[in-house]
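Side chains are part of it too, since the values below use all heavy atoms of this structure and drop only hydrogens, waters and symmetry mates.
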Amino acid sequence: MTFLRTPLPRDKADTLLLLASAVLVLAPHALHLPWWVSLLCAATLAWRAAITLRGKRMPKAIVLLPIAIAAMVGVQYSYDTLLGKDAGVAMLVLLVAFKMLEMHARRDLFVVVFLCFFLVLTNFFYAQGIGTAIMMIASVLLLLAAQLSFQFTGAVPPLRTRLAMAARMLAFAAPIAIALFVVFPRIQGPLWSMPGGPGAGTSGLSDQMAPGQMSNLALSEEPAFRVRFFGPPPLAPQLYWRGPVLDAFDGLTWRRGENTASGRNLRLSVGGPGLDYEVTLEPSQSRWVFALEMPGELPVVPGHELRISPQFELTADAPLASRVRYRASSHVEYALQNGPVLADTNRWLLLPYGFNPRALAAGMALRALGDPAARVDAVLRQFREQAFEYTLAPPLLGRHSVDEFLYGTRSGFCEHYSGAFVFLMRAAGVPARVVTGYQGGELNPIDGFMTVRQSDAHAWAEVWIAGRGWLRVDPTAAVAPERVRTGTNRATERPAPFGIEALRGANPFGLDAGAWLADVRNAMGALNNGWNQWVLNYTPERQHSVVQGLQDRLLGWPFGVVLVLAGLAWWGMKILRHRREIDPIDALYSTLCKRLGQAGLPRAQDEGPSAYAARILATAPGAQALAPAAREAAIAFLRRYSAWRYAAPAADPRLHATLKSLLSQVR
């Protein structure tokens with residue numbers, strides 16, 4: 001391993017820098033590529049690093065060609081195509097890795113660099129967070145440093161200097177990129193969007209509920225949507241975000257029934273002041289639009305037409321595959337269909353035949369209580385007083401799932417309690433249905449946004465009582481009231497991390513708002529939310545308003561254009577004037593000093609051209625990166641320049657051409 005204790009030659013150091021840049025670009029793709037692609041790329045890059053360090057020869061094409069063909073066959077097998085986003089990215093990743101073993105000329109180095117630049121963009125197909133943006137900026141910085149390393153013909157500056165040069169290049173490009181981002185015409189859709197296949201979106205609520213479905217969502221900390229209230233937020237027990245309403249039960253699964261009527265003319269009475277808020281809904285493959293119970297009017301989602309069902313479900317006309325933002329106004333005090341008669345009552349009393357005989361008999365026994373409200377209270381009292389347990393990991397249930405839950409396991413999640421409650425209510429002759437959505441939310445004190453996560457997925461029930469309408473009943477709150485007050489995190493015991501019981505409850509972020517790690521989490525959440533709000537959600541509508549505001553401030557766009565053109569003209573004239581002030585011969589002298597500095601012979605600040613020439617003449621040839629002919633040309637240049645600058649000889653019209661010729665020999 002002696003090569004690790006001695007400075008590497010320039011070609012090896014540059015190649016290893018390029019390898020490091022490629023690793024930084026390729027590493028994020030390992031999260032979504034097939035495992036064999038990531039393993040093959042890692043092996044290929046390690047092979048190239050070993051060849052570089054040990055000075056071995058590159059493998060021949062007869063060795064690489066079968067590997068490349070096998071990789072293409074593997075991509076076809078994994079994706080059933082060689083085209084499209086995912087297969088195309090996999091092919092490009094493999095191409096970069098294989099190209100590392102096929103770099104024979106200078107142009108091959110730049111091919112790898114430019115392919116890596118393109119791969120930087122493809123990372124945004126899969127993640128658009130601020131963390132991804134920071135990592136890609138670091139990748140571009142390292143790629144620019146690697147590209148600059150191949151440009152130097154003499155001595156190469158230290159890596160720190162090359163990174164500083166790359167950072168300056170990025171800094172010069174940033175204002176132009178920001179200006180183009182703000183004012184360049186945008187197409188409809190999110191930043192970094194590309195059509196995806198089925199399942200390309202994130203998880204979310206579906207239009208059916210079976211034991212175990214919501215517990216999977218409750219284990220996910222992914223945000224479902226974020227809310228900004230224009231005023232004090234409501235209390236946690238009022239934070240019910242309405243989603244799909246399930247009314248059809250086949251004995252195992254609750255589903256949405258057929259909706260043939262429009263919900264626009266349904267009777268809804270609201271009371272108290274409205275809560276105004278703005279929702280930023282994360283992408284999904286569903287059409288559900290969530291609002292706080294109960295919205296007083298239909299929200300407006302840009303680019304979509306909303307519909308409202310007879311059960312007051314809000315849906316869009318197309319899947320919400322991109323992040324959307326909309327405003328809504330809701331009332332926590334409301335009465336829904338509070339007339340004396342309920343239309344289509346049998347729909348809300350229907351139960352499957354041959355399922356759950358014990359629960360069916362218990363529900364029918366409740367009919368002895370004449371008041372429907374008393375029947376509701378009786379079931380809730382049963383949940384409170386008997387040994388029911390709230391857990392995210394309940395036992396599996398069989399054919400008679402409600403019976404097994406009520407009289408056997410008595411352990412379950414919100415879906416178990418809401419499903420069993422609605423079954424009992426229907427058996428007792430009380431119209432009832434299951435409502436799914438989200439309950440609660442975490443308020444970030446830094447930016448004032450409330451984050452509703454997938455772990456806040458919830459199911460509750462609604463019962464209809466004549467004169468009072470549909471009433472929300474949350475049977476889960478009767479068993480675990482902390483679920484409604486504080487959320488799922490405090491209501492359940494999380495699985496031990498990595499299966500190690502000693503780590504159970506060792507949450508690095510904690511739930512204590514006073515802990516500094518919780519403050520860090522809030523700060524990171526606010527930073528990500530700001531990125532989502534102002535960068536990823538920069539829609540054509542927002543661009544139009546921003547540009548319109550700029551135009552208004554600049555007294556109309558003609559004046560703004562004239563102002564920008566005048567500024568560019570002034571800047572160009574200033575640069576030209578500065579160039580004219582520099583004497584052409586002095587400019588040649590500055591270029592010579594720079595080249596000599598790259599060759600290991602930098603000029604001292606107080607050193608004149610004659611002293612400089614004498615020092616170059618006295619320096620041993622082995623201590624400098626100059627050929628003998630270049631060394632003699634440099635000395636002749638310095639002597640002629642010194643005579644021109646200080647001896648004031650007769651004017652020589654050919655001096656500039658002579659010095660330029662000598663300068664060309666200094667390589």
Item to check | Steps toward salt bridge (charged side-chain N to carboxylate O under 4.0 Å, His left out) verdict (R410, E389) | outcome: CA-CA 6 Å; R410 294 189 177 182; E389 179 189 5; over 6 Å; no

Item to check | Criterion side chain to side chain contact (heavy atoms under 4.5 Å, CB included) on F421 and F423, from CA distance to verdict | outcome: CA-CA 5 Å; F421 177 83; F423 188 96; over 6 Å; no

Next on the checklist: Go through it in stages, so that I can follow the logic: the residues are S286 and S284, the test is side chain to side chain donor-acceptor pair (under 3.5 Å), and I'd like the CA-CA distance, side-chain angles, deciding distance and then a yes or no.
Outcome noted: CA-CA 5 Å; S286 70; S284 69; 3.1 Å; yes

Item to check | D250 side chain to T253 backbone, donor-acceptor under 3.5 Å | outcome: yes

Next on the checklist: Working to the nearest 0.5 angstrom, can you tell me the gap between T451 OG1 and E282 CD?
Outcome noted: 9.0 Å

Item to check | Ring geometry between Y417 and F405 (parallel below 30°, tilted from 30 to 60°, perpendicular above 60°) | outcome: perpendicular

Checklist entry - Considering only heavy atoms from C-beta outward, does the side chain of L275 approach that of P234 to under 4.5 Å? => result yes

Next on the checklist: Could you go through S78 and W36, starting from their C-alpha distance and side-chain angles, then the distance that decides it, and tell me whether this counts as side chain to side chain donor-acceptor pair (under 3.5 Å)?
Outcome noted: CA-CA 10 Å; S78 298; W36 66 268; 3.0 Å; yes

Next on the checklist: Walk me through whether L281 and L320 qualify under side chain to side chain contact (heavy atoms under 4.5 Å, CB included).
Outcome noted: CA-CA 9 Å; L281 188 62; L320 300 170; 3.4 Å; yes

Checklist entry - Can you check side chain to side chain donor-acceptor pair (under 3.5 Å) on R256 and Q208, steps first, answer last? => result CA-CA 7 Å; R256 295 179 70 240; Q208 63 182 26; over 6 Å; no

Checklist entry - For the residue pair V402 and N356, what are the closest heavy atoms and their distance? => result N-OD1, 3.0 Å

Checklist entry - Has the side chain of R228 got a donor or acceptor atom that lies under 3.5 Å from a matching backbone atom of V279? => result no

Checklist entry - Any donor-acceptor pair under 3.5 Å linking the side chain of D474 with the backbone of W460? => result no

Checklist entry - Do the non-hydrogen side-chain atoms of P475 and L380 ever get within less than 4.5 Å of each other? => result yes

Item to check | Cation-pi geometry met for R226 and F449 (6.0 Å, 45°) | outcome: no

Checklist entry - Taking the side chain from E313 and the backbone from V245, do they hold a donor-acceptor pair closer than 3.5 Å? => result yes

Checklist entry - Side chain of R375, backbone of L369: donor and acceptor closer than 3.5 Å? => result yes

Checklist entry - Which class fits the ring pair F225 and W241: parallel under 30°, tilted 30 to 60°, perpendicular over 60°? => result perpendicular

Next on the checklist: Show me the pairs that pass salt bridge (Lys or Arg N to Asp or Glu O under 4.0 Å) and involve residues 231-243, at least two apart or across chains.
Outcome noted: R242-E293, R242-E462

Item to check | Minimum side-chain heavy-atom gap N338-R468 below 4.5 Å | outcome: no

Item to check | Heavy-atom closest pair, residues A427 and A359 | outcome: CB-O, 4.4 Å

Item to check | Test item: R358 and D403 side chains (from C-beta on) under 4.5 Å apart, heavy atoms | outcome: yes

Next on the checklist: For the CZ atom of F383 and the OG1 atom of T476, what is their distance to the nearest 0.5 Å?
Outcome noted: 8.5 Å

Checklist outcome for this item: So the ring-ring contact (aromatic ring centres under 6.0 Å, His included) pairs with at least one residue in residues 314-359 (sequence neighbours excluded) are W348-W470

Next on the checklist: For the CZ atom of R426 and the CG atom of L360, what is their distance to the nearest 0.5 Å?
Outcome noted: 12.5 Å

Checklist entry - When rounded to the nearest 0.5 angstrom, what distance separates CD1 in I308 from CG in L268? => result 8.0 Å

Checklist entry - Within the distance-only criterion (no hydrogens, no angle test), does the side chain of W464 pair as donor or acceptor with the backbone N or O of V341 below 3.5 angstrom? => result no

Next on the checklist: As a quick check of understanding, evaluate side chain to side chain contact (heavy atoms under 4.5 Å, CB included) for L298 and L314, giving each step before the final call.
Outcome noted: CA-CA 8 Å; L298 202 62; L314 299 178; 3.5 Å; yes

Checklist entry - Once you round to the nearest 0.5 Å, how far does CG of D247 lie from CZ of R347? => result 4.0 Å

Next on the checklist: Working to the nearest 0.5 angstrom, can you tell me the gap between L342 CG and I465 CD1?
Outcome noted: 12.0 Å

Item to check | Verdict with reasoning, S418 to M209, per side chain to side chain contact (heavy atoms under 4.5 Å, CB included) | outcome: CA-CA 10 Å; S418 59; M209 182 187 78; 4.0 Å; yes

Next on the checklist: I want to check a possible cation-pi pair here: R472 against Y240, using under 6.0 Å from ring centre and within 45° of the ring axis as the test.
Outcome noted: yes

Next on the checklist: I'd like to check E442 versus M450 (side-chain heavy atoms, cut-off strictly below 4.5 Å). Are they in contact?
Outcome noted: no

Checklist entry - With side chains defined as the heavy atoms from C-beta onward, is the minimum distance between L424 and L406 less than 4.5 Å? => result yes

Item to check | Donor-acceptor pair, side chain of D276 and main chain of F229, under 3.5 angstrom | outcome: no

Next on the checklist: On a heavy-atom basis, which atom in P394 and which in G412 lie closest, and how many Å separate them?
Outcome noted: CB-CA, 3.8 Å

Item to check | Where G429 and P431 come nearest, the two heavy atoms and their spacing | outcome: O-CD, 3.7 Å

Next on the checklist: side chain to side chain donor-acceptor pair (under 3.5 Å) for Y277 and S330? Distances and angles first, verdict last.
Outcome noted: CA-CA 8 Å; Y277 54 94; S330 298; 2.6 Å; yes

Checklist entry - Looking at A90 and V75, what are the two nearest heavy atoms and their distance? => result CB-CG2, 4.4 Å

Checklist entry - Do other residues, nucleotides or ligands put more than 12 heavy atoms under 6.0 Å from F230 CZ? => result yes

Item to check | Candidates R287, R307, H304 - the one meeting side-chain hydrogen bond (donor to acceptor under 3.5 Å, both in side chains) with D317 | outcome: H304

Next on the checklist: Under the rule for side chain to side chain contact (heavy atoms under 4.5 Å, CB included), what residues qualify as partners of L235, not counting sequence neighbours?
Outcome noted: P237, Q238

Checklist entry - So do the side chains of R453 and E222 get within less than 4.5 Å of each other, counting heavy atoms only? => result no

Checklist entry - Can you name the nearest heavy-atom pair linking A457 to C414, along with the distance? => result O-SG, 4.3 Å

Checklist entry - So do the side chains of M135 and P28 get within less than 4.5 Å of each other, counting heavy atoms only? => result yes

